[in-house]
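Below is one structure, written out as C-alpha cells, with a few remarks after it.
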Amino acid sequence: MSKISTAVPVAGRGRGLPLLPRLEAFLIPLMALIAGGVLFSLFLLVQGKSPVEFFSLVWRAGFSTAFSWPNTLSRVSPLLFAGLCVAIPARLGLMVIGGEGAIVLGGLAAAVSGAALGGVPAPLGFAVMVIAAMALGGLWLGIVGALRVRRGVNETIASLLMAYIATALFNHFVESVFRDPASLNKPSTRPLPESLRVGDMPVLQAHWGVAVGVLACLLAWLLIERTTLGFAARVTGDNPRAAQVQGFPVAGLVIGFTALAGALAGLGGFFEVAAVHGTANASLISGVGYTGILVAFLARHNPLAIIPVAVLLAGIEASSGLVQRRMDLPDATILVLQGCVFIIVLLSETIQGRLPAALRSLTRRMSNG
Amino acid sequence: MSAPAPSLEAVGMTMRFGDFTALDNVSLSVPPGSFHALLGENGAGKSTLVKCIMGFYHATSGALLVDYREARIQDPRDAQALGLGMVYQHFTLVPSLSAAENLVISRGDTPALINWAAERARLEAFLAGMPFRVPLDRPVSSLAAGEKQKLEILKQLYLGSRFLILDEPTSVLTPDEADEVLGHVKALTVSGALSVLMISHKFREVRAFADDVTVLRRGALAGRGRVAELTNEDMAAMMMGKAQIGSAPPRTGTPGDAVLELRGARARDRSGFKEIGIEDLKVRAGEIVGVAGISGNGQVELMEVLTGQRRLLSGAMTVQGAPYAATRAQARRHRVRYLPEEPLHNACAPHMSVAENLALRDFDSGRNGTGGRIFLGRARMARRAEELIRSFDIRTRGPQAQIRDLSGGNVQRAALARELSGDVALLVVANPCFGLDFSAARAIRDRLMQARNDGVAVLLISEDLDEILELADRVLVMSDGHITHEARADQAKPAELGRYMAGHAA
C-alpha cells in the first residue's frame with residue numbers, strides 16, 4: 001500500500017488535529033534536536049564514553065548555575081548575528097552560507113577604523129566603527145546578491161567562495177599593512193583604545209552585543225512579518241515567478257536582503273572585536289559564521305526563534321571546556337554534535353507539512369494493530 | 001501482429017483515499033478489438049480508474065479480467081506483462097535521443113552493450129508490420145507533436161502492448177494531427193490487433209473514433225452506451241448530471257481605443273538560440289484578442305515579455321500610449337492585470353495564505369488597498385479576503401488556509417478575484433481554464449466575457465481553440481514565434497486555423 005499512502009495527506013489534509021500545523025514549526029526542530037542527540041550518543045558509546053555524563057556536563061557548564069550563564073551569554077552575540085545572516089536571505093529563497101566572510105571583514109574594518117580614531121569622543125568613534133563594519137560586511141554579501149541577479153551565479157557557492165576570499169584578505173592585511181609591530185607571535189591589528197571598547201551590560205555579565213543582537217532579531221522579524229517590503233520578500237521566496245508577474249523589484253530585494261544580511265554579520269564582527277578581542281587577529285576566524293547556518297535552520301529562518309536557538313547552542317559551546325577536561329574528549333566533539341543535529345535538521349525538512357498526516361496514519365495503525 | 005487484442009473488464013472497482021471515495025463501484029467492459037471512450041469532468045475518477053487498471057493504485061475493492069481471466073496487477077510491470085500499455089497526455093520520450101534509440105531503451109531487457117545493427121534490423125522488421133511510421137534517426141525534439149504521439153503509440157506496440165490506454169492523447173495536437181493519429185489507432189482496432197480505452201474531453205473525437213463510451217461523474221458510473229446511439233447532448237447530460245451548462249453571456253458594446261500595443265518586438269526564446277517576433281499586436285478596450293497556437297510556439301515567451309519577465313531585444317511595448325516595462329508602478333498606473341497559466345505555479349505564493357495571496361495586488365498601495373506603504377494592514381487584508389471569497393465563490397476552509405490546499409478551480413478563482421477586482425484597463429490571460437472542469441471553466445469564461453463587456457481590453461493566450469473561438473473577437477495564430485495569421489473569430493474556420501497553427505499553411 002506504500003504507493004497509495006502518498007495520496008492520503010492530500011485527501012485528509014485540514015481535517016482533525018487543527019493545531020498541529022502551527023505546532024509543527026516547533027516540534028520538527030525539537031525532534032531533530034533529540035534525534036541528533038541520540039545519533040551523537042551512539043558516537044560517544046562507540047568510544048566507550050557515557051552520553052549521560054556528557055549531557056549532564058553540558059547542562060551544568062552551559063545552563064544550570066550562575067557561573068555558567070556569563071560564559072554562555074558571551075557566546076550568544078555572534079550566533080545571533082550569524083543566524084540572522086542566513087535566515088534573512090533564506091526568506092527570499094536564497095541560501096547564503098558565507099556569513100563568516102562578512103563577520104571577519106566587518107571585524108577588521110571595526111578594528112582598523114577604531115585604532116585609527118584614537119582621540120575622538122567615544123560615540124563618534126563607535127559610530128564610525130559600526131558603519132565601517134556594517135558597510136564592508138554589507139558590500140561583501142551584496143556582491144553575492146548582485147552576482148545572483150546580474151549573472152545568475154549560485155548564491156550558496158558564491159557566498160562560500162567569498163568567505164574564503166575574505167579570510168585570505170583578512171590574514172593578508174593583518175599580517176602586512178595593518179599589523180601592529182608589537183604583536184609578535186600572533187599577528188594582530190593595533191589594539192583598540194580603552195574608550196572604544198564595548199563593555200558589559202548591567203546585571204547580566206555579558207557585553208552589549210547580546211542586547212543589540214536580540215534587538216536585531218526583533219527588528220528583522222518586524223521587517224519580514226509585518227512590513228510590505230517583508231511581504232514582497234516572502235512572496236518572492238515562495239514563488240519568484242509570481243513575484244515577477246506582480247512587478248516586485250526582485251533584483252532590488254535580492255541585493256538589498258543579501259546586503260542587509262552581510263551588514264548584520266559585519267555588526268557581529270564589530271562586537272567580537274570591540275567587546276571580546278580588542279583587536280583583529282586570527283581568533284576572529286572562529287567558524288561562527290558557519291554555526292549560524294545551523295542556528296538559522298533550527299530556527300526555521302524565523303528571526304524570533306533564533307534567540308532561544310542561539311542561547312542553546314552557545315550553552316553547548318560553553319560546556320566544551322569542561323567536557324574536554326572531565327571526559328577526555330577533544331574540542332572537536334562539540335562540532336560532531338552540531339554536525340549530527342544539522343544532518344537530522346536537513347533530513348527533517350522533508351517531513352515538513354506532512355507531520356499531521358504522519359501522526360494520523362501512525363495513530364490509525366496503532367488503533368488497528 | 002501475432003497475438004490478437006485482449007479484452008478487458010473492470011468489475012465493481014472502488015478506490016478510497018482515506019475517507020474520500022475517488023471511485024465508487026465502477027464497472028467497464030472493453031471487448032477485443034474495440035475502441036472505448038472514457039468521458040468525464042476533471043475529478044470524475046477517470047484517471048483513478050485507469051491507474052487502478054495499470055497497477056499504479058491498488059483498488060480498495062473490485063476485480064480486473066483480462067481475456068476473461070482474473071488479473072492481479074500489483075504494479076505497472078504486471079500490466080505490461082499482460083499486454084496493457086498506457087500513452088500519457090504528455091510525452092515520455094527522451095528529447096535528445098532519436099526515435100530508434102527511444103524505442104530500444106524503452107525495453108526493460110536492453111543489454112548493457114547494445115548491438116545497434118541487430119536492433120536496427122529488428123526495428124525495421126517491426127515497423128514493416130505497422131500501418132504508419134516515424135523518422136527513426138532524427139532527435140525526438142525535432143519531431144512535430146503529432147509525430148511524437150505516433151512514436152509513443154509505436155513504442156507501446158513495440159513493447160508488446162495489445163491493449164492501449166490513451167490519456168487525453170490529443171491535448172497537445174492540432175485537430176488535423178489528432179485525426180491522423182487517432183485514425184491509425186482506429187485502423188489497428190478494426191484489424192483486431194489492438195483494443196483501446198481512451199480518456200477524452202472532446203466529444204468530436206469520441207464521436208469520430210469510439211465504438212462505445214463510459215461516462216463517469218463524481219467517481220460513479222453516470223452512463224454508457226454505443227456512441228452511434230447517443231447524441232452529444234446525451235453524453236453532456238451524463239457528464240454534468242443535473243447541473244446546467246450555461247452559455248456565455250452575450251457580447252455587448254464595441255471596441256474602443258487601443259490599450260496594449262506591441263510593435264516590432266523581438267525577444268529571445270527559451271532555448272536562447274531563436275527569437276520570437278511580434279510585428280504588430282493591438283488590443284483595444286472592450287475586445288478580447290485570442291492568441292491561438294500549439295504549445296511551445298512562443299506563447300510562453302510572449303507572456304513573459306508582457307509580464308516583464310523577458311527583456312525585449314528591440315521594438316516597443318506601450319500601454320495606453322505610454323512605454324511599458326511591467327514594473328509594479330506602471331502596472332498600477334495603467335491598471336494592467338495578469339492571469340498566467342497554472343496560477344499556483346505562476347501567480348501565487350503556494351505556502352502563503354489565501355488572504356495573503358488575494359492581497360498581492362494591493363497590500364502596498366496605501367489608503368486604497370489593504371495595507372499602508374510600510375506596514376501591512378492585516379485586519380483590512382482579512383476583511384477584504386472574506387469579501388472576495390464570498391463574491392467569487394472561492395471554496396476554502398478559511399482565509400488563513402494555505403492556497404496550495406485549494407483545488408485547481410478555486411486557486412484559479414482566487415487569482416481571478418484578485419486580478420479582476422478594482423478598476424482594470426488591460427487583462428492578459430494565458431490558458432485560464434487549463435485542467436478545470438466544465439463548471440469551473442464556465443465560471444471563469446463568463447468573468448472574462450463580463451470584463452470585456454465592461455470595457456476591459458483582454459488578451460487571451462490559449463492552447464484551447466474552442467475557448468478562443470467562443471470568447472475572442474479577433475483570433476491571431478502564433479506559430480514558430482511569430483503571428484502568422486489573423487481572422488475575425490466569427491468568420492474563422494477551425495481547420496484553417498489548425499493548418500496555420502501547424503505551420504503548414506503558406
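This one's a predicted model, so the numbers in the text were calculated from it and none came from an experiment.
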Pairwise side-chain contact, A/Val245 with B/Gln309, heavy-atom cut-off 4.5 Å (strictly under) | yes

Check each atom of B/Gln330 against the heavy atoms of chain A and say whether the ones under 4.5 Å are side chain, backbone, both or neither.
-> neither

Write down the atom of B/Leu344, the atom of A/Asn239, and the distance for their closest heavy-atom approach.
-> O-ND2, 3.6 Å

Please report the shortest heavy-atom distance between A/Ala242 and B/Ala347, naming the atom on each side.
-> CB-C, 3.6 Å

Measuring heavy-atom distances to chain A, does B/Arg310 have an atom under 4.5 Å in its side chain, in its backbone, in both, or in neither?
-> neither

Check B/Leu360 against A/Phe231 and note the closest heavy-atom contact, atom names and distance.
-> CD2-CE2, 3.7 Å

Point-to-point distance, once rounded to the nearest 0.5 Å, from CD1 of B/Ile374 to CZ of A/Arg226 | 16.0 Å

Which answer fits A/Ala243, side chain, backbone, both or neither, if we ask what part of it has an atom under 4.5 Å from a heavy atom of chain B?
-> neither

State the CD-CZ distance between A/Gln246 and B/Arg328, to the nearest 0.5 angstrom.
-> 5.5 Å

For chain A, find which of B/Pro343, B/Cys348, B/Ala326 contributes the most heavy-atom pairs closer than 4.5 angstrom.
-> B/Cys348

Check each atom of B/Gln402 against the heavy atoms of chain A and say whether the ones under 4.5 Å are side chain, backbone, both or neither.
-> neither

Using non-hydrogen atoms and a 4.5 Å limit, figure out which bit of B/Arg337 sits close to chain A: side chain, backbone, both or neither.
-> neither

Heavy-atom contact with chain B under 4.5 Å, split by part of A/Leu223 | neither

Check the pair A/Arg241, B/His345 against side-chain contact (heavy atoms from CB on, under 4.5 Å), reporting the backbone distance first and the verdict last.
-> CA-CA 8 Å; A/Arg241 293 182 63 81; B/His345 296 119; over 6 Å; no

For chain A, find which of B/Ala329, B/Pro350, B/Pro340, B/Ala401 contributes the most heavy-atom pairs closer than 4.5 angstrom.
-> B/Pro350

Do the non-hydrogen side-chain atoms of A/Thr228 and B/Leu376 ever get within less than 4.5 Å of each other?
-> yes

